[in-house]
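Worksheet: one structure, shown below.
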Amino acid sequence: QILSERQPEFPDSIEGKSLRRLTLAKWLTHPDHPLTARVIVNRVWQFHMGQGIVTTPSDFGTSGLAPSHPELLDWLAHWFVHEANWSVKKLHKLILSSNTARMGKAHRDDYAAEDPDNGLFWRLPYRRMEVEVLRDGMLAASGQLNPALYGPSMFPEVPKGTLEGNSDPDKVWKASSEHEASRRTIYAFVKRSLIVPMLEVLDFCDTTRSAAKRVNTSTAPQALSLLNGGFVNRQSEHFADRLLREAGPEPAGQIDLAYRLALGRPARPEEIESLTAYLQREAESLGGPMSKESALVRLARVIFNLNEYAYTD
């Protein structure tokens, strides 16, 4: 009664069920409720634009920051409820088809002088994809992604050195088979005292508390994990096998297919020329009957480490 003039109307119990949670849910999503829709549209906007219209996404109260574009926030919330009928899919489409979402990422000194924090959304920020997306993308490109849905969690492989610090290293983590562990990262088992190193290094969320926004850091261990990590190297081998199998022995075809699978675009002529020379140099330095195949594995690892693969564009 202190917080709201309009109180929920709790019905009588039915078959021993109070219906209080259902009533609360209906109250929260009532078209006249001023907060719920604003919080949702702000979170979706933040996901695509790097920061929300309200930059304190979990605090719309007096201690939070005021919206940079209050009219836009109100309009989006009203549209989301009354025209989109609470469809988050339609909300994504609306935001991504807006002029703001089509802004470039190039820096402009004149704009930055007036708005250094990009509060007016005159450019899109560079944003590294979440670790779950990076891992799933490698599995998809290499052809190893297991599309199985639902069921119990899977246990990705963890380096032996990570397990040695536990009191019971032989039992604390029973890795799944490679096929089972190749499911989407959303199915990975999360153990509070033992987070999969690749996930932890690449800014996996703290699972002990809610997170309004992903932390996005750039550190040396991230580069080392993507260059030398066991998972990345294994997927590079699978990726190279797929390129040989589907594109044949010609380097130009292999490079073009690699770009299409990993980056979603064909390779440019200068990229094919440069990487063909790279494959030749690597094969010559490796020597031996499997030198071309080994060079292709190295090429696959290079592609997984491109900025274009890790950062949205």
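Positions are given from 1 along the sequence.
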Notebook entry, point to check: Heavy atoms, side chains only, cut-off 4.5 Å: are Val44 and His92 in contact?
Noted result: yes
Next item on the list: Please report the closest heavy-atom contact between Phe60 and Leu35, naming both atoms and the distance.
Entry: CB-CD1, 3.7 Å
Margin query: So does Arg123 get a backbone contact from the side chain of Asn118, meaning a donor-acceptor N/O pair under 3.5 Å?
Written below: yes
Notebook entry, point to check: At their closest point, which heavy atom of Asn42 faces which heavy atom of Val54, and how far apart are they?
Noted result: OD1-N, 2.8 Å
Next item on the list: Side-chain contact test, heavy atoms from C-beta onward, threshold under 4.5 Å: evaluate it for Val232 versus Leu227 and give yes or no.
Entry: no
Margin query: Could you tell me if the side chain of Leu94 sits less than 4.5 Å from the side chain of Phe80, heavy atoms only?
Written below: no
Notebook entry, point to check: Out of curiosity, Leu279 CG to Lys292 NZ, how far, rounded to the nearest 0.5 Å?
Noted result: 10.0 Å
Check: Are more than 12 heavy atoms from other residues, nucleotides or ligands located less than 6.0 Å from atom NE2 of His69?
Finding: yes
Notebook entry, point to check: Hey, mind stepping through Val131 and Asp203 against side-chain contact (heavy atoms from CB on, under 4.5 Å) and telling me if it holds?
Noted result: CA-CA 7 Å; Val131 62; Asp203 302 323; over 6 Å; no
Notebook entry, point to check: Salt bridge check: are Glu246 and Arg260 linked by an N-O gap of less than 4.0 Å?
Noted result: no
Margin query: Can you confirm whether more than 12 heavy atoms, excluding those of Arg265, are under 6.0 Å from its CZ atom?
Written below: yes
Notebook entry, point to check: Counting only N and O atoms by type, is there a donor-acceptor contact under 3.5 Å from the side chain of Arg183 to the main-chain atoms of Ser153?
Noted result: no
Check: Do the side chain of Thr36 and the main chain of Leu28 share a donor and acceptor less than 3.5 angstrom apart?
Finding: yes
Next item on the list: First locate atom CZ of Arg20, then atom CG of Leu24, and finally report the distance between them rounded to the nearest 0.5 Å.
Entry: 9.5 Å
Check: Is there a donor-acceptor pair under 3.5 Å between the side chain of Asp136 and the backbone N or O of Thr185?
Finding: yes
Margin query: Tell me whether Trp173 shares a hydrophobic cluster with Tyr187, the cluster being built from Ile, Leu, Val, Met, Phe, Trp, Tyr side chains joined at under 4.5 Å.
Written below: no
Item checked: Thr29 (side chain) donor-acceptor with Ala25 (main chain) under 3.5 angstrom -> yes
Checklist line | Reported CG-to-NZ distance for the pair Leu163 and Lys171, which is rounded to 0.5 angstrom | finding: 14.5 Å
Note to self: Donor-acceptor check, side chain of Gln144 to backbone of His179, threshold 3.5 angstrom: yes or no?
What the structure shows: no
Item checked: Short N-O contact, Arg234 and Glu237, less than 4.0 angstrom -> yes
Item checked: side-chain contact (heavy atoms from CB on, under 4.5 Å) between Val190 and Phe204, intermediate numbers included -> CA-CA 11 Å; Val190 176; Phe204 190 62; 4.1 Å; yes
Item checked: Value rounded to 0.5 Å, distance of CG in Asn233 from NE2 in His238 -> 11.5 Å
Checklist line | Residues Arg245, Arg242; criterion side-chain contact (heavy atoms from CB on, under 4.5 Å); working and verdict | finding: CA-CA 5 Å; Arg245 185 172 62 252; Arg242 182 180 184 181; 3.7 Å; yes
Check: Is any side-chain heavy atom of Glu284 less than 4.5 Å from a side-chain heavy atom of Gln280?
Finding: yes
Margin query: Is there a side-chain contact between Glu293 and Asp241 in this structure, where contact means two heavy atoms from C-beta onward sitting under 4.5 Å apart?
Written below: no
Item checked: Where Arg43 and Ser58 come nearest, the two heavy atoms and their spacing -> NH2-OG, 2.9 Å
Item checked: Minimal non-hydrogen separation, Ala101 against Leu96, with atom names -> CB-O, 3.7 Å
Item checked: Residue pair Glu130 / Leu202, side-chain heavy-atom distance below 4.5 Å -> no
Item checked: Separation of Leu120 CG from Met103 CE (nearest 0.5 Å) -> 10.0 Å
Item checked: Side chain proximity check, Gln51 to Phe121, heavy atoms < 4.5 angstrom -> yes
Check: Is Arg128 reaching over with its side chain to a backbone N or O of Thr217, donor-acceptor style, under 3.5 angstrom?
Finding: yes
Notebook entry, point to check: Would you say Ile186 and Glu132 make side-chain contact, with heavy atoms under 4.5 Å?
Noted result: no
Check: Should we count CZ of Arg21 as having more than 12 external heavy atoms under 6.0 Å?
Finding: no
Check: Are the side chain of Gln222 and the backbone N or O of Val201 linked by a donor-acceptor pair below 3.5 Å?
Finding: yes
Next item on the list: Report whether Met154 and Phe189 are members of the same hydrophobic cluster (ILVMFWY, side-chain heavy atoms less than 4.5 Å apart, transitive linking).
Entry: no
Check: Atom NZ in Lys90, atom NZ in Lys93: separation rounded to 0.5 Å?
Finding: 9.0 Å
Item checked: Co-membership, hydrophobic cluster, residues Leu145 and Phe304, 4.5 Å side-chain -> yes
Notebook entry, point to check: Near Glu271 CD, under 6.0 Å, is it more than 12 heavy atoms from other residues, nucleotides or ligands?
Noted result: yes
Notebook entry, point to check: Are side-chain N/O atoms of Ser182 and Arg135 paired as donor and acceptor at under 3.5 Å?
Noted result: no
Checklist line | Residue Glu157 excluded, over 12 heavy atoms near CD under 6.0 Å | finding: no
Check: Does one hydrophobic cluster hold both Met198 and Tyr311, with members joined at side-chain heavy-atom distances below 4.5 Å?
Finding: no
Check: Please walk me through it: do Ile303 and Tyr309 pass side-chain contact (heavy atoms from CB on, under 4.5 Å)?
Finding: CA-CA 7 Å; Ile303 291 175; Tyr309 176 75; 5.6 Å; no
Check: Does a sphere of radius 6.0 Å around CD in Glu270 hold more than 12 heavy atoms from other residues, nucleotides or ligands, not counting ones at 6.0 Å or beyond?
Finding: yes
Check: Just checking, is any N or O donor in the side chain of Asp206 or Thr208 under 3.5 Å from an acceptor N or O on the other one?
Finding: yes
Margin query: Let me check something: do Val158 and Leu226 share a hydrophobic cluster, defined by ILVMFWY side-chain heavy atoms less than 4.5 Å apart, either directly or through other members?
Written below: yes
Notebook entry, point to check: So, for Ser98 and Met49, which heavy atoms are closest and what is the spacing to 0.1 Å?
Noted result: OG-CE, 4.3 Å
Next item on the list: Using the ring of Phe47 (Phe, Tyr or Trp, six-membered ring only), decide whether Arg127 places NZ or CZ under 6.0 Å from its centre and within 45 degrees of its axis.
Entry: yes
Notebook entry, point to check: How far apart are the closest heavy atoms of Ser142 and Phe239, and which atoms are they?
Noted result: CB-N, 3.7 Å
Margin query: If we ignore hydrogens and angles and just use 3.5 Å, is the side chain of Asp117 paired with the main-chain N or O of Gly119 as donor and acceptor?
Written below: no
Check: Is Tyr259 reaching over with its side chain to a backbone N or O of Arg268, donor-acceptor style, under 3.5 angstrom?
Finding: no
